[in-house]
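Model, not experiment: these values are computed from the prediction.
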Amino acid sequence: MYNLKHRADEVMAHLTALPQVQKVTLYGSVAAGTYDVLSDIDIEVDVSGYDNGRFALELPALLSGRLPILYADYAPSLAPDKYIVTFAIDEQNPFLTVDLDCVAVLHCSNVLRQELSSRNTLPTHTLKVWTANLKHFCRGIPCRRDIERMAVRLGIEDILHKSELTILGEVLHWLEVHSNAELGTYLQSCRAHYAAYLTTCAEESPGSQRRSQDFWFFENNA
């Protein structure tokens with residue numbers, strides 16, 4: 001299976017090299033050694049002595065050239081209590097994202113939701129949500145409402161009569177039409193994972209069956 005711990009160590013080394021950073025801490029499934037082929041990387045970045053909200057805004061520029069960043073996306077709904085930035089860093093694995101939680105001993109709450117929202121774009125934010133929803137669906141986690149909410153934001157109609165996989169497919173088509181051309185290879189990987197999932201399990205399968213069948217595919221194609 002893909003060595004996420006090695007990738008996490010690479011990201012942490014780049015973060016540690018930044019002068020604002022006091023400490024980096026790996027957490028989540030990668031830290032616990034329980035990660036799987038659908039897991040992402042979670043890192044807490046301590047910038048005590050610096051405005052952690054401002055640092056979050058600066059992170060894409062700070063890491064540009066250090067990491068192969070495909071897109072960066074903020075979580076405005078968590079601000080100003082938390083500042084989390086998500087980076088996609090692997091064109092072949094859409095599930096490999098890095099969530100950086102920017103913290104400080106004296107938490108700064110100057111950066112508000114509106115400023116974070118203005119840094120996001122609809123295509124990349126939707127792409128982050130799409131991969132998260134597909135991951136949850138693959139694992140058998142109830143996510144119907146989240147998938148519907150994502151589709152409604154894009155103006156996709158008649159969602160109440162469509163399956164989760166059908167909606168995910170329509171959202172993916174929207175992304176392929178509206179995303180920057182630089183994300184072409186990444187979107188091809190999204191399409192490949194989605195298409196392979198369609199051929200490895202039926203939409204009617206219970207979540208637990210979906211998960212076991214899907215893990216067979218991802219374990220053999222990671």
Side-chain angles (χ1 to χ4, degrees), residues 2 4 7 11 37-42 56-79 83-100 113-139 141 143-159 162-199 214 217-218 221-222:
Y2 194 70
L4 280 187
R7 292 303 296 271
V11 175
V37 291
L38 301 178
S39 295
D40 57 8
I41 297 171
D42 300 302
L57 291 176
E58 296 169 356
L59 256 181
L62 292 171
L63 293 178
S64 178
R66 296 174 182 264
L67 293 175
I69 298 173
L70 301 169
Y71 71 79
D73 187 83
Y74 295 95
S77 63
L78 301 179
Y83 296 111
I84 295 181
V85 195
T86 298
F87 294 91
I89 61 171
D90 192 325
E91 285 189 322
Q92 303 304 320
N93 181 4
F95 299 110
L96 178 49
T97 57
V98 181
D99 289 339
L100 301 181
R113 295 181 181 183
Q114 295 85 343
E115 187 167 5
L116 295 175
S117 295
S118 69
R119 302 294 183 98
N120 290 342
T121 69
L122 182 58
T124 55
H125 186 69
T126 303
L127 191 50
K128 180 184 75 172
V129 175
W130 185 89
T131 54
N133 280 327
L134 179 61
K135 178 192 301 186
H136 292 159
F137 185 79
C138 291
R139 287 176 165 166
I141 299 172
C143 54
R144 172 85 196 189
R145 292 182 64 181
D146 291 334
I147 292 173
E148 289 181 352
R149 190 178 302 115
M150 171 181 64
V152 167
R153 282 197 295 263
L154 303 180
I156 294 175
E157 300 178 346
D158 199 29
I159 58 174
K162 297 173 181 175
S163 69
E164 292 100 321
L165 278 176
T166 297
I167 300 172
L168 285 166
E170 292 189 17
V171 172
L172 179 56
H173 176 70
W174 185 95
L175 286 165
E176 290 167 335
V177 171
H178 294 89
S179 295
N180 191 301
E182 295 177 356
L183 289 172
T185 301
Y186 185 83
L187 286 167
Q188 288 174 10
S189 297
C190 292
R191 173 62 65 181
H193 282 77
Y194 173 79
Y197 189 77
L198 288 177
T199 64
D214 183 72
F217 165 72
F218 285 110
N221 292 273

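- Summarising the geometry of A79 relative to L116, their closest heavy-atom pair is CB-CD1, 3.4 Å, with the distance given to 0.1 Å.
- We find the OH-CD1 distance between Y74 and I84 to be 12.5 Å, quoted to the nearest 0.5 Å.
- Taken to the nearest 0.5 Å, the CD atom of E170 stands 10.5 Å off from the CG atom of L154.
- Taking the side chain as every heavy atom from C-beta outward, V11 and R66 never approach each other to under 4.5 Å.
- Remark: L175 CG to R191 CZ distance equals 9.5 Å, nearest 0.5 Å.
- Judged by distance alone, the side chain of S117 and the main-chain N or O of P76 form no donor-acceptor pair under 3.5 Å.
- Counted by atom type alone, D73 and T86 present zero donor-acceptor pairs between their side chains at under 3.5 Å.
- Between Y186 and Y71, the ring-plane angle classifies as perpendicular under the 30° and 60° cut-offs.
- L57 and P60 get closest at one heavy-atom pair: O-CD, 3.5 Å.
- The side-chain heavy atoms of L96 and D40, taken from C-beta on, include no pair separated by under 4.5 Å.
- To the nearest 0.5 Å, atom CE of residue M150 and atom CD1 of residue I167 are 7.5 Å apart.
- Checking side-chain atoms of T126 against main-chain N and O of L122 turns up a donor-acceptor pair under 3.5 Å.
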Item to check | Pair E148-E164, side-chain contact (heavy atoms from CB on, under 4.5 Å): steps then yes or no | outcome: CA-CA 8 Å; E148 289 181 352; E164 292 100 321; over 6 Å; no
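- Taking the six-membered ring for Trp, F95 and H193 have ring centres closer than 6.0 Å.
- N120 and H125 get closest at one heavy-atom pair: ND2-ND1, 3.8 Å.
- W130 contributes no side-chain N or O that, together with a main-chain N or O of V171, makes up a donor-acceptor pair within less than 3.5 Å.
- The distance from atom SG of C190 to atom CG of N93, rounded to the nearest 0.5 Å, is 9.5 Å.
- Residue S39 comes nearest to L4 through the heavy atom pair O-CD1, 3.6 Å, listed as atom of the first residue, atom of the second, then distance.
- Residues that satisfy the salt bridge (Lys or Arg N to Asp or Glu O under 4.0 Å) test with E157, not counting sequence neighbours, are absent from this structure.
- Partners of R149 by salt bridge (Lys or Arg N to Asp or Glu O under 4.0 Å), not counting sequence neighbours, listed by chain and number: D146.
- T124 has its side chain out of reach of K128: every pair of non-hydrogen atoms, C-beta onward, lies at least 4.5 Å apart.
- Between L38 and C138 the shortest heavy-atom distance is CD1-CB, 3.9 Å.
- Side-chain contact between V98 and I89 is present, with heavy atoms from C-beta onward closer than 4.5 Å.
- Between T131 and L134, every side-chain heavy-atom pair lies at or beyond the 4.5 Å cut-off.
- Within the 4.5 Å cutoff, the side chain of H136 has no heavy atoms near those of the I147 side chain.
- Two residues are said to be in side-chain contact when any heavy atoms from C-beta on lie closer than 4.5 Å; L100 and L63 meet this criterion.
- In this structure, the side chains of N180 and T121 stay at 4.5 Å or more apart for every pair of heavy atoms.
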Checklist entry - Could you go step by step and tell me if R153 and V129 meet the side-chain contact (heavy atoms from CB on, under 4.5 Å) rule? => result CA-CA 12 Å; R153 282 197 295 263; V129 175; 4.2 Å; yes
Next on the checklist: Using side-chain contact (heavy atoms from CB on, under 4.5 Å), reason through L183 and E91 one step at a time and then give a plain yes or no.
Outcome noted: CA-CA 8 Å; L183 289 172; E91 285 189 322; over 6 Å; no
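- E176 contributes atom CD, which lies 6.0 Å from atom CG of L187 (distance to the nearest 0.5 angstrom).
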Checklist entry - Can you list the steps and then say if D99 with F87 is a side-chain contact (heavy atoms from CB on, under 4.5 Å)? => result CA-CA 7 Å; D99 289 339; F87 294 91; over 6 Å; no
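- Shown here are the ring-ring contact (aromatic ring centres under 6.0 Å, His included) partners of H178, two or more places apart in sequence or in another chain: W174.
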